[in-house]
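In what follows, chains carry the letters A, B, and so on, assigned in the order in which the sequence lines appear, proteins first and then strands, with residues in each chain numbered from 1.
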Amino acid sequence: MSGITFAKALNEGLRRAMERDPKVVLMGEDIGRLGGVFRITDGLQKDFGEHRVLDTPLAESGIVGTAVGLAYRGYRPVVEIQFDGFVYPAFDQIVAQVAKLHYRTRGRVVMPLTIRIPFGGGIGSPEHHSEAPEAYFAHTAGLRVVSPSNPQEAFTMIQQAIACPDPVVFFEPKRRYHDTAEVDLDTEPATDPRVLPMGSARVVRPGTDATLVVYGAMVKTALDAAAAAADEGTSIEVIDLRSLAPLDSAALEASVRRTGRLVIAHEAPRTGGLGAEIAATVTERCFDYLEHAPVRVTGFDIPYPPAKSERHHQPDLDRILDGVDRVLGRPNSLSGVPGNVAEAQGGGDDHRA
Amino acid sequence: MSGITFAKALNEGLRRAMERDPKVVLMGEDIGRLGGVFRITDGLQKDFGEHRVLDTPLAESGIVGTAVGLAYRGYRPVVEIQFDGFVYPAFDQIVAQVAKLHYRTRGRVVMPLTIRIPFGGGIGSPEHHSEAPEAYFAHTAGLRVVSPSNPQEAFTMIQQAIACPDPVVFFEPKRRYHDTAEVDLDTEPATDPRVLPMGSARVVRPGTDATLVVYGAMVKTALDAAAAAADEGTSIEVIDLRSLAPLDSAALEASVRRTGRLVIAHEAPRTGGLGAEIAATVTERCFDYLEHAPVRVTGFDIPYPPAKSERHHQPDLDRILDGVDRVLGRPNSLSGVPGNVAEAQGGGDDHRA
Amino acid sequence: MSLLDSTPPAPGSDDDVLRLIGPTGERTASPDLDPWVSDVDDAALVRLLTDMAVVRRVDLEATALQRQGQVGLWPPLLGQEAAQIGSARALRTDDFIFPSYRETGVAYCRGVDMLEVLRLWRGAALSGWDPMEFGMGTAQIVIGAQTLHAAGYALGTRLDGSDAATITYFGDGATSQGDVNEAMVFAASFQAPVLFFCQNNHWAISEPVRVQAHAPLAGRAAGFGIPSVRVDGNDVLACLAATRRALDRVRSGSGPAFIEAVTYRMGPHTTADDPTRYRDPNELDLWKARDPLARVEAYLVSRGHDPEELRAQLQRAADEVAARLRREVVRLPDPGPLDLFEHVYAAPHEQLERERREYALYLAQFEDQAQFGDQAQFGDQARTGDDARTGKNPDGGPGAPGGAAPSAAHGTEVAR
Amino acid sequence: MSLLDSTPPAPGSDDDVLRLIGPTGERTASPDLDPWVSDVDDAALVRLLTDMAVVRRVDLEATALQRQGQVGLWPPLLGQEAAQIGSARALRTDDFIFPSYRETGVAYCRGVDMLEVLRLWRGAALSGWDPMEFGMGTAQIVIGAQTLHAAGYALGTRLDGSDAATITYFGDGATSQGDVNEAMVFAASFQAPVLFFCQNNHWAISEPVRVQAHAPLAGRAAGFGIPSVRVDGNDVLACLAATRRALDRVRSGSGPAFIEAVTYRMGPHTTADDPTRYRDPNELDLWKARDPLARVEAYLVSRGHDPEELRAQLQRAADEVAARLRREVVRLPDPGPLDLFEHVYAAPHEQLERERREYALYLAQFEDQAQFGDQAQFGDQARTGDDARTGKNPDGGPGAPGGAAPSAAHGTEVAR
Ligand SMILES: Cc1ncc(C[n+]2csc(CCOP(=O)(O)OP(=O)(O)O)c2C)c(N)n1
Ligand SMILES: Cc1ncc(C[n+]2csc(CCOP(=O)(O)OP(=O)(O)O)c2C)c(N)n1
Ligand SMILES: [Mg+2]
Ligand SMILES: [Mg+2]
């Protein structure tokens with residue numbers, strides 16, 4: 001046990017994976033000598049050599065496409081995309097090759113790639129450095145999509161992702177890189193019963209009045225919100241999704257059946273974001289348990305705005321609590337406004353026949 | 001009035017747009033001499049010249065990226081992506097440039113591009129020729145996404161898309177290219193009051209028991225399903241979405257408030273597909289009017305399968321009617337199966353407190 | 001280095017190519033290439049010619065099967081036999097190949113059952129043979145994507161300390177794709193032992209090569225620091241020699257190499273294409289006179305081989321493969337409905353398991369009268385008996401989802 | 001053409017570059033370039049030097065402002081003044097520029113207010129100046145994307161029958177991107193009047209140029225049929241001459257051209273970067289001796305100019321611009337909260353209108369005590385008065401959403 005940062009926990013997880021399996025190679029821009037712009041791969045090239053940690057030319061499609069070739073050859077490439085906004089040049093290789101090759105070849109070619117993407121805003125960066133593109137990948141059959149929310153799970157989940165025989169898009173909440181926590185570095189993710197499977201959600205705070213579903217950087221915000229709500233006498237159950245695709249719908253279902261209310265918060269734009277899928281899935285499975293329509297608290301349907309505006313775009317504690325008020329039918333930002341459509345949402349009379 | 005194919009209607013619409021505005025240029029692979037692999041641009045190079053209809057090198061990012069430059073110069077490029085599965089190499093230019101330039105430059109640079117994409121399956125093609133990638137674009141702020149479902153609207157909507165000052169991703173249901181209908185070629189989309197705005201949904205068949213939301217090729221399937229249901233005494237309201245982003249949520253809301261039940265059908269994979277957004281939005285707005293959770297009838301969460309399997313993947317009349325049965329609480333494919341989660345869906349007791 | 005003011009040679013011309021056997025069968029000397037085929041005697045040349053004759057026949061057979069509805073679509077290799085056979089016969093079995101979709105001849109040299117090639121085009125599967133068994137990736141339809149895989153695989157062999165080479169096939173059109181250029185960047189950067197083999201067949205569907213490039217494609221590689229050569233792609237001996245030479249360099253650790261095989265697509269792009277819409281018939285005649293098979297025949301005849309006997313021998317070899325293909329293609333099994341869900345993931349996936357279960361339940365409704373699977377006509381057995389509701393597949397194809405190949409036979413009005 | 005067996009020259013060497021003024025100020029003759037700068041007298045050279053001195057000062061000032069938290073991040077051009085000023089001063093006002101993110105010097109020549117350059121890096125907007133007003137696109141952060149825009153714009157000028165040229169700036173790292181290569185394909189295919197201007201500053205963040213290429217970057221263009229030249233990027237006169245010459249060719253309808261300006265990034269990649277982690281200090285010293293400003297100064301002094309006077313003159317020009325920048329930067333207005341929703345679309349958009357309305361209602365809750373907008377501290381006014389719930393922005397930055405630049409000052413521990 002030791003107090004280490006989220007970034008260092010990832011670094012240690014990568015180190016374990018490389019020690020365990022000589023076929024694990026890391027690839028990316030600036031990940032070698034520099035250790036990556038976020039220093040996630042710090043020291044790994046020095047310790048494992050230039051043949052295990054490769055600084056690549058500046059081309060994301062090239063990085064992912066050559067990683068595919070390495071996988072054909074029996075390697076387990078771990079690719080770093082420098083920032084969320086730079087994954088799009090690799091989109092074709094990810095969507096048309098990485099995701100589909102196992103299916104295309106009826107299982108003869110495995111694609112155990114891990115694609116690491118620092119994602120999300122809140123660090124005051126220029127354009128393209130703060131995006132939340134996870135929904136694109138969650139919609140892509142053949143991929144798995146996960147996101148750890150704390151140092152301990154950063155350490156274990158990166159190892160699980162690398163060990164997984166399927167391609168995993170691994171979203172790292174970059175604004176949590178400097179968060180520090182005690183991390184059990186001795187745990188063996190594959191055998192330790194305390195380590196959750198990669199595909200499972202986790203109740204990070206139990207509660208009874210409403211279920212709040214979040215992932216990545218938003219988990220801490222949600223926990224803060226739940227703590228604030230508790231002071232006001234509201235009991236919020238916070239679920240850290242962890243696996244964005246597939247969803248652990250059983251866990252969501254179990255919680256919402258108890259609370260009857262669902263709020264989802266994410267940084268990505270609302271339309272077609274993960275919140276839509278979660279709301280639709282939970283509604284399908286828990287319709288008769290729902291007291292109110294699921295509420296989404298999300299980034300707006302806009303390109304990521306300039307740094308000076310980002311706090312308006314990103315859901316924060318206040319906006320999440322406003323969403324909780326909405327799902328609980330309490331006074332909220334949209335109540336009492338005549339003619340506002342939100343008035344008709346959930347809290348009103350039951351019009352059922 | 002004359003009976004023409006969907007393909008020809010598009011061709012005529014493009015012709016009108018080119019006649020109206022000399023800044024309209026068409027770009028794409030094989031669209032010149034050949035007239036495109038689907039012949040949508042047939043004859044246009046001959047009539048307008050090689051300077052208005054450009055055969056481009058084989059590179060989708062290049063096509064869209066140069067179209068962006070043409071837009072800077074005051075042109076209105078209409079880009080053809082040869083097949084749905086080949087849009088991904090252009091994803092970065094579409095998502096990071098086309099969608100964001102107007103925002104980035106605070107309105108100083110307009111991007112009136114139209115990106116035409118033949119989409120969807122059902123024509124027995126090899127891999128990458130039958131995909132339904134619309135959700136990726138609907139999730140992308142800055143884009144508009146539309147899809148016509150019949151020759152008349154193919155003719156008018158392509159003109160509206162080209163006239164629109166925003167970038168429009170224009171999905172053409174390729175399996176309907178050979179459908180024939182009477183088309184009023186004299187209508188002026190901009191001024192004719194009978195022509196619906198590009199962003200509006202349309203009730204293509206009124207009904208009272210359930211609302212069935214579809215778009216593109218699925219509209220015809222849905223109408224067939226509704227006709228079959230009518231024979232059985234069930235009245236289905238079919239809505240042709242037309243605009244996939246933004247959604248005409250007022251139209252959806254109005255319908256579901258009347259019917260109390262919603263089924264959405266699309267070819268794209270279920271997870272994170274448009275069905276999720278529609279279900280979530282309608283649930284938010286009509287929760288108290290809903291008799292049952294919205295039901296999604298979609299492609300499975302798999303890569304597009306081989307031609308000999310595609311009919312299993314694509315929702316057809318029977319699967320849509322099964323979904324209607326589900327939303328109506330009637331016996332359906334999932335009823336009576338002990339332990340099946342679907343049992344708990346909607347039709348059961350009301351567990352509300 | 002200073003500004004070049006000269007016009008570069010046209011990218012489609014074949015004047016400056018390396019050649020050993022000319023169009024009329026004349027053997028020309030080439031100090032660059034000759035040493036690499038000194039072992040190729042007449043018997044070996046007959047074997048190369050036989051390979052070409054067989055794959056030409058497979059190709060024609062597949063085109064015929066497409067017309068008969070047994071295959072949904074077919075991309076002919078007609079005219080490109082020499083480029084494919086010559087290069088593929090230069091490979092070792094532990095070399096690895098990343099092809100595009102037209103490399104029937106390469107697959108043949110690799111020992112792949114020609115039925116496996118048809119499996120994809122019949123629409124019965126997304127790919128045929130096992131890449132790991134034959135050291136050859138399955139057909140790549142996304143233009144250029146496979147070249148990056150080749151660069152990566154080659155990097156892997158280098159990391160492994162192996163002297164196996166990787167070769168990737170792609171067309172003239174593909175050279176415009178970012179991926180192909182990035183593949184050259186990565187291969188050069190990592191000094192990966194990969195051979196880029198470009199079949200410049202002069203056309204990318206309807207677009208002549210001059211739409212893609214105003215300079216010879218081989219020169220492209222030089223710009224990336226990759227040595228390259230233009231070879232007569234209709235000369236099987238020159239292709240063999242050039243590929244052997246390039247592979248030798250690649251294996252020796254000197255990094256990637258590039259071959260532009262100048263050839264010609266004598267047929268349509270695919271069976272769905274109509275080249276008369278865009279192609280001057282005179283051009284085809286020009287290239288017919290450069291036929292890759294005829295020249296080897298002429299050469300062998302000039303060496304004393306009996307033309308009748310030679311032709312008969314080729315015919316026999318081709319007949320045999322063609323007959324088997326015709327016989328067996330109908331037996332290629334269709335996928336069962338639940339095969340949809342197989343192999344999407346290597347590990348269990350909850351959401352997909354649910355979809356599979358639910359679809360099985362859906363299909364089970366129709367089970368009373370028939371098993372789903374190959375013979376299922378489940379449309380006929382829906383509960384209501386209402387035809388409009390069930391019997392007919394409303395979207396065009398015949399109602400039998402697992403039946404013969406109706407879907408694959410559609411869509412042929414369009415080129416793709 | 002046959003296999004090249006020679007090792008190509010290293011891509012970072014500057015031996016074979018065209019040059020007019022050498023590192024120590026010596027004027028060398030170049031028959032290729034001299035005719036293109038015959039009009040450049042001492043006075044003109046002083047103006048070029050002044051441009052360089054001013055942008056160097058702007059650059060240093062911006063770095064200082066970043067340290068003071070007035071700017072979130074800054075990508076210095078230090079060392080690249082000659083490449084930027086020399087090329088930009090060759091342009092006509094009706095030419096159009098597609099830059100990357102480091103072209104402060106180019107923007108300066110274009111008459112762009114340096115404050116507008118800072119607006120982006122302060123985080124107050126996604127871009128500064130109006131591209132249409134200055135004939136220069138805004139900073140492009142996605143590596144290489146702008147080169148395709150340039151090819152397209154140039155195609156547009158050709159379709160218009162204009163003789164305006166388009167120029168695009170990009171780095172050595174960018175040459176690896178598919179887009180840059182596709183831009184050359186498209187430009188060559190359409191014979192578009194575009195000049196590719198590559199500043200090879202030897203580094204892409206921490207990666208030396210040899211990771212990108214094993215051959216000179218200018219040679220890349222030749223492979224696409226695009227004439228190219230390597231010029232001393234630290235020689236403002238040579239850059240001016242080479243750019244004029246290339247533009248002349250481009251305007252004349254002979255298609256695209258390519259210039260590799262061999263220069264050096266003397267500073268960090270951005271203010272967030274620490275080059276001591278990856279760069280040999282000796283390399284920096286080597287390039288300090290090739291400083292683009294010092295050599296022009298030395299040349300002018302050798303021509304009889306008084307060094308003190310010259311320096312004082314440069315200093316005055318630089319001081320003036322710097323003082324204004326310091327004074328005005330704090331006045332760059334922050335965006336208001338509802339500006340979020342502006343300009344996403346050019347036409348009304350129902351969903352976004354709704355989000356704007358709802359967010360306005362949300363903000364209105366806090367309006368009792370303050371107007372939202374620049375001074376809003378709405379965190380303090382939430383209904384419950386609970387601090388944990390509202391007062392502090394829980395995610396790091398100070399609570400004032402519309403206040404001074406807290407966010408932009410974060411995230412500087414990482415290079416990007
Ligand atoms: C990324 C992508 N874009 C478009 C297509 C459609 N397409 C299939 S083949 C082809 C032409 C390919 O030409 P070339 O590379 O010369 O190969 P050839 O067909 O001549 O063998 C095109 C445009 C595709 N398959 N992939
Ligand atoms: C598509 C993309 N990938 C990665 C990055 C991150 N990044 C920013 S600058 C840079 C290096 C660019 O090097 P070069 O092209 O030589 O330009 P320079 O910074 O030297 O001016 C990288 C990798 C990016 N901005 N865009
Ligand atoms: Mg070709
Ligand atoms: Mg650089």
- Output field: ring centroids A/Tyr304/A/His313 closer than 6.0 Å: yes

- Message: Looking at chain D, which one of A/Asp301, A/Ile302, A/Ile320 has the largest number of heavy-atom pairs inside 4.5 Å, strictly under?
- Response: A/Asp301

- Task: Side chain from CB out, backbone as N, CA, C, O: work out which of these in D/Ile143 comes under 4.5 Å of a heavy atom of chain A, or both, or neither.
- Result: side chain

- What part of D/Ala174 lies closer than 4.5 angstrom to a heavy atom of chain A: side chain, backbone, both or neither? backbone

- Option that, when pairs with chain A are counted at under 4.5 Å, heavy atom only, ranks first among D/Gln212, D/Arg356, D/His343: D/Gln212

- Got a sec: does the CZ of A/Arg33 have more than 12 other heavy atoms crowding it under 6.0 Å? no

- Query: If you draw a 6.0 Å radius around CD in A/Glu50, do more than 12 non-hydrogen atoms from other residues or ligands fall strictly inside?
  - Reply: no

- Item | Evaluation steps, side chain to side chain contact (heavy atoms under 4.5 Å, CB included), between A/Ile31 and A/Gln45 | CA-CA 8 Å; A/Ile31 68 165; A/Gln45 187 180 68; over 6 Å; no

- Query: Looking at side-chain heavy atoms only, is the closest gap between A/Val214 and A/Thr221 below 4.5 Å?
  - Reply: no

- Message: Need one label for A/Asp42: side chain, backbone, both or neither, based on atoms under 4.5 Å from any heavy atom in chain D.
- Response: side chain

- Message: With a 4.5 angstrom heavy-atom cut-off, is it the side chain or the backbone of A/Phe300 that approaches chain D, or both, or neither?
- Response: both

- Item | Interchain contact, D/Leu352 with chain A, by part (heavy-atom threshold 4.5 Å) | side chain

- Tell me, for D/Gln351 versus chain A, whether the close heavy atoms (under 4.5 Å) come from the side chain, the backbone, both or neither. side chain

- Message: Exactly one of A/Val297, A/Ile236, A/Val295, A/Asn332 should register a side chain to side chain contact (heavy atoms under 4.5 Å, CB included) with A/Val324. Which one does?
- Response: A/Ile236

